> 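Below: one structure in structure tokens.
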Amino acid sequence: RQRQMCIRDRQQIMSVPGIYYHTGKFLVWLWCKYVKKTKIGYKDIIFKYSGWLFWTVGVIFGIFVIISGYILLIVIGMQ
């Protein structure tokens, strides 16, 4: 049963929406740690900020990565 729950949790993390959520959560945690200089644990950040913040930051970062990769491919293709 423990193994079955681990597999299900891993599948949720590795899904595309899960990647955006966890990337946003990680970026918000980095911002709190290095910019705001507040000590907050990674697991405790969900109690301080809304899940919508993690989704929003993750999706914006994902769009930025996709656009940057596309521009990079265009620049490499021009050479």
Side-chain angles (χ1 to χ4, degrees):
R1 182 158 182 119
Q2 178 77 18
R3 180 167 170 75
Q4 189 177 27
M5 288 187 67
C6 280
I7 291 171
R8 187 173 30 160
D9 291 343
R10 190 175 300 140
Q11 287 173 346
Q12 288 175 350
I13 291 173
M14 296 308 291
S15 67
V16 173
I19 291 172
Y20 287 132
Y21 177 82
H22 289 286
T23 301
K25 183 178 169 185
F26 181 71
L27 291 172
V28 170
W29 177 75
L30 284 176
W31 176 70
C32 286
K33 185 173 183 179
Y34 294 109
V35 176
K36 286 181 68 178
K37 308 237 188 244
T38 56
K39 287 190 176 185
I40 187 167
Y42 180 72
K43 291 183 178 181
D44 298 330
I45 199 161
I46 60 171
F47 301 115
K48 187 168 182 162
Y49 295 103
S50 169
W52 286 105
L53 177 66
F54 305 141
W55 283 108
T56 305
V57 170
V59 168
I60 289 172
F61 181 75
I63 290 170
F64 174 74
V65 167
I66 291 170
I67 291 173
S68 298
Y70 183 71
I71 290 172
L72 185 63
L73 286 174
I74 290 174
V75 168
I76 290 174
M78 289 181 162
Q79 294 179 353

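Keep in mind it's a predicted model, so treat the numbers as computed, not measured.
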> Look at the side-chain heavy atoms of Ile, Leu, Val, Met, Phe, Trp and Tyr, link any pair under 4.5 Å apart, and say whether Val65 and Val75 land in one connected group.
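In one cluster: yes.
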> Hey, what do you get for CZ (Phe61) to CD1 (Ile66), rounding to the nearest 0.5 Å?
10.5 Å
> Which word best sums up how the rings of Tyr49 and Phe54 line up, parallel for under 30°, tilted for 30 to 60°, or perpendicular for over 60°?
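Taking Phe54 first and then Tyr49, their aromatic rings stand perpendicular (interplane angle over 60°).
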> Look up atom CG in Leu27 and atom CG in Leu53, then write down how far apart they are to the nearest 0.5 Å.
10.0 Å
> Can you get from Ile67 to Val57 by hopping between Ile, Leu, Val, Met, Phe, Trp and Tyr side chains that sit under 4.5 Å apart?
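Same cluster: Ile67 reaches Val57 through Ile, Leu, Val, Met, Phe, Trp or Tyr contacts under 4.5 Å.
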> Any link between Ile74 and Leu72 through a network of hydrophobic side chains (Ile, Leu, Val, Met, Phe, Trp, Tyr) touching at under 4.5 Å?
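No; tracing contacts between hydrophobic side chains, which count when under 4.5 Å, never links both residues.
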> Quick check: is Ile63 connected to Tyr21 through a chain of hydrophobic side chains (ILVMFWY, heavy atoms under 4.5 Å apart)?
yes
> Same hydrophobic cluster for Trp55 and Phe47, using side-chain heavy-atom links shorter than 4.5 Å among ILVMFWY?
yes
> Quick one: are Lys33 and Thr38 in side-chain contact, heavy atoms under 4.5 Å?
no
> How close do Ile40 and Ile45 get, counting heavy atoms only, and between which atoms?
CD1-CA, 3.8 Å
> Would you give the length of the straight line joining atom OG of Ser68 to atom CG of Leu73, rounded to the nearest 0.5 angstrom?
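It is 11.0 Å, given to the nearest 0.5 Å.
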> Among Leu30, Thr23, Val28, find the one that has a side-chain contact (heavy atoms from CB on, under 4.5 Å) with Phe26.
Leu30
> Can you measure from OH (Tyr42) to NE2 (His22) and round to the nearest 0.5 angstrom?
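It comes to 6.5 Å.
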> Quick one: NZ on Lys39 to SG on Cys32, what's the gap to the nearest 0.5 Å?
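The SG atom of Cys32 is 14.5 Å from NZ of Lys39, to the nearest 0.5 Å.
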